[in-house]
Number of protein chains: 2
Amino acid sequence: MMAKKKEIEKDVSTEAKIKAAAKKLFTQNGFEATRTRDIAEESGINLALLNYYFRSKQKLFEIVMRENVVLFMGGIVESINNNMHLSFEEKVEILIDRYIDMLIANPDLPFFILSVSRTEEFKSDDSDDPIMKSIKQMRTSFMMAIMEDIQSGKIKPVHPLHIISNMMSLIVFPFAASALLKSRTGISDKEFENLMIERKKLIPVWIKAMFNN
Amino acid sequence: MMAKKKEIEKDVSTEAKIKAAAKKLFTQNGFEATRTRDIAEESGINLALLNYYFRSKQKLFEIVMRENVVLFMGGIVESINNNMHLSFEEKVEILIDRYIDMLIANPDLPFFILSVSRTEEFKSDDSDDPIMKSIKQMRTSFMMAIMEDIQSGKIKPVHPLHIISNMMSLIVFPFAASALLKSRTGISDKEFENLMIERKKLIPVWIKAMFNN
DNA sequence: GTCTATAGGGTGATAGAC
DNA sequence: GTCTATCACCCTATAGAC
């Protein structure tokens, strides 16, 4: 009982420290460019403990990847589900607002997702995972809502993928390209963040301008 | 004389073969994930020759990177310069058309550029390179044209970076995210390419809808 | 659970023969 | 210019003491 208590009292478990460090480095620099030694040093633990807790670099990466995919694709699901009573347009506005907040807090996430989406492992189905299932379900209902709006003449008749693509592009691309945009325009980190916050209001307007009839 | 002739008659020089293989692999998989042995095998040459011709993996990568940056940012300069007589709007239409053609021919380029733009080496000025200079110049005159159109009330008053960002987003992002889009929608390579060709006509319309007064 | 030490294999680069 | 053989280093992973 005392032993258990003492364990809980420790700030963070060794396992959690390793995972946090791995998440930081893998997300910033990717699998290949990250050394297990870097992860050990970053988390202040011994190199051997990484393999003790996670068996291999690959296994640890997969855990981080899964968490990041859920963060990128699924953190929004609940914000949508919590607002079932709102119209599709209002839901989109909320989604954009939450998503940009999330990306400001996790600016390396878009590039990481683009990176892993290019690997073979990523194509695996994941249909067993309940979270992945609910993400997939949301994507489907999102697609349906778009097609209904096309049917009813509310929005212009274009391939739904253009609509999804353009929304993702406008929201996500500036973060994936932030290094490029900053270095070529000489803009500061703070100015960049302010522009991204500005986009929370602008993107819904742009989307309507592009697709509304 | 004969010796020279014979040399020229060879299909491709060893040096060119190595560079072509390096370009392919570096562009697909990046610096870290590419082995010098892979480059040697891909080009059908001996590993030692890579260092004989290019001194190091790093030097070879820098050459490939420079060529890719020029392809990504500069291949368009001439198409603009060759159409000085056209209006800004018409120039944008041509730019989008050429750019999407270029990206269909080089689908891995966007991700590669996003990748290297995150490294320290990329931030170097390059102001000595004449091609880089003309790219920078084009970017400036592009920015000027936007600001003039804002001044004259032709387009809405927003930060020019939003306009640049959105154009880049709509053009480039689907290619950077093609693996993600394909795997999550089950779309085929051919269907994807057709959608991208469709966008050559759609993006100018969207841009106008977003920003024209 | 945590450490040190080291195995085992891969990687970039080069020496030296031809 | 091109090849084979090899060095020197770095990486992941594990054995074994505590």
Side-chain angles (χ1 to χ4, degrees), chain A residues 1-65 115-116 119-121, chain B residues 1-65 115-116 119-121:
Chain A
M1 192 63 172
M2 276 304 278
K4 187 83 187 291
K5 190 134 189 280
K6 194 151 182 216
E7 210 176 284
I8 293 171
E9 272 170 357
K10 274 204 278 183
D11 335 319
V12 206
S13 72
T14 301
E15 188 174 349
K17 271 193 266 181
I18 297 171
K19 209 177 72 179
K23 193 165 191 169
K24 178 180 168 187
L25 294 177
F26 280 142
T27 307
Q28 261 176 28
N29 309 321
F31 179 80
E32 304 277 358
T34 302
R35 311 278 96 105
T36 52
R37 281 171 170 74
D38 301 338
I39 296 172
E41 194 185 351
E42 175 76 26
S43 51
I45 57 98
N46 187 281
L47 174 58
L49 289 177
L50 190 151
N51 295 86
Y52 175 77
Y53 281 107
F54 297 98
R55 266 198 34 169
S56 73
K57 180 189 179 184
Q58 184 65 43
K59 293 269 180 210
L60 180 51
F61 181 77
E62 275 160 22
I63 290 168
V64 169
M65 178 176 76
S115 180
V116 298
T119 65
E120 283 304 318
E121 306 96 284
Chain B
M1 193 61 171
M2 276 304 277
K4 186 83 187 291
K5 191 134 189 279
K6 196 156 184 209
E7 210 176 286
I8 293 171
E9 272 171 357
K10 274 204 275 182
D11 334 321
V12 206
S13 72
T14 300
E15 187 174 350
K17 271 192 268 183
I18 297 171
K19 209 177 72 180
K23 193 164 191 168
K24 178 181 167 186
L25 295 178
F26 279 143
T27 306
Q28 263 176 27
N29 309 320
F31 180 80
E32 304 277 357
T34 303
R35 312 278 97 106
T36 52
R37 281 169 172 77
D38 301 338
I39 297 173
E41 195 185 353
E42 174 77 25
S43 52
I45 57 97
N46 188 280
L47 173 58
L49 290 176
L50 190 152
N51 295 85
Y52 174 77
Y53 281 107
F54 297 98
R55 265 199 33 169
S56 76
K57 181 188 179 185
Q58 184 65 43
K59 293 269 180 211
L60 179 53
F61 181 78
E62 276 160 21
I63 290 168
V64 169
M65 178 176 75
S115 180
V116 297
T119 65
E120 282 303 318
E121 306 95 285

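Order of the sequence lines fixes the chain letters, A, B, ..., with proteins taken first and strands second; residue numbering starts at 1 for each chain.
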Nearest whole angstrom, please: distance from the P of C:dT11 to the CD of B:Glu32.
12 Å
Note, B:Phe54 side chain near B:Lys19 side chain (heavy atom, < 4.5 Å):
yes
Write down the distance between CZ (B:Phe61) and C1' (C:dG12), rounded to a whole number of angstrom.
16 Å
Which of these nucleotides, D:dA13, D:dT2, C:dA15, is closest to any side-chain atom of A:Ser56?
D:dA13
Tell me whether the OP1 or OP2 atom of C:dG12 has a side-chain N or O from B:Asn51 closer than 4.0 Å.
no
Spacing between A:Leu47 atom CG and D:dA13 atom P, to the nearest angstrom:
9 Å
Separation of C:dG12 P from B:Lys59 NZ (nearest whole Å):
17 Å
To the nearest angstrom, the CG-P distance between B:Leu49 and D:dC3 comes to 5 Å
Between B:Lys23 and B:Ile63 (side chain of the first, backbone of the second, donor and acceptor by atom type, cut-off under 3.5 Å), is there such a pair?
no
In whole Å, what is the span from the CD1 atom of A:Ile45 to the P atom of C:dT2?
9 Å
Does a side-chain N or O of A:Thr36 approach OP1 or OP2 of D:dC11 to a distance below 4.0 Å, or not?
no
B:Thr34 backbone acceptor or donor facing B:Arg37 side chain under 3.5 Å:
no
For D:dT2 and B:Tyr53 - does any side-chain N or O of the residue sit under 4.0 Å from the phosphate oxygens OP1/OP2?
yes
I'd like to know if B:Arg37 reaches the base of C:dG12 with its side chain such that a donor and an acceptor end up less than 3.5 angstrom apart.
yes
Beyond-backbone contact of A:Phe31 with A:Lys57, side-chain heavy atoms, under 4.5 angstrom
yes
Integer-rounded Å distance: C:dG1 C1' and A:Tyr52 OH
5 Å
Rounded interatomic separation in angstrom, taking CZ from B:Arg55 and C1' from C:dA15
17 Å
Assign each of B:Leu50 and A:Asn46 the nucleotide of DNA chain C bearing its closest heavy atom; nearer the 5' end lies the nucleotide of A:Asn46
Keeping the roles fixed (side chain from B:Ser43, backbone from B:Ala40), state whether a donor-acceptor pair exists under 3.5 Å.
yes
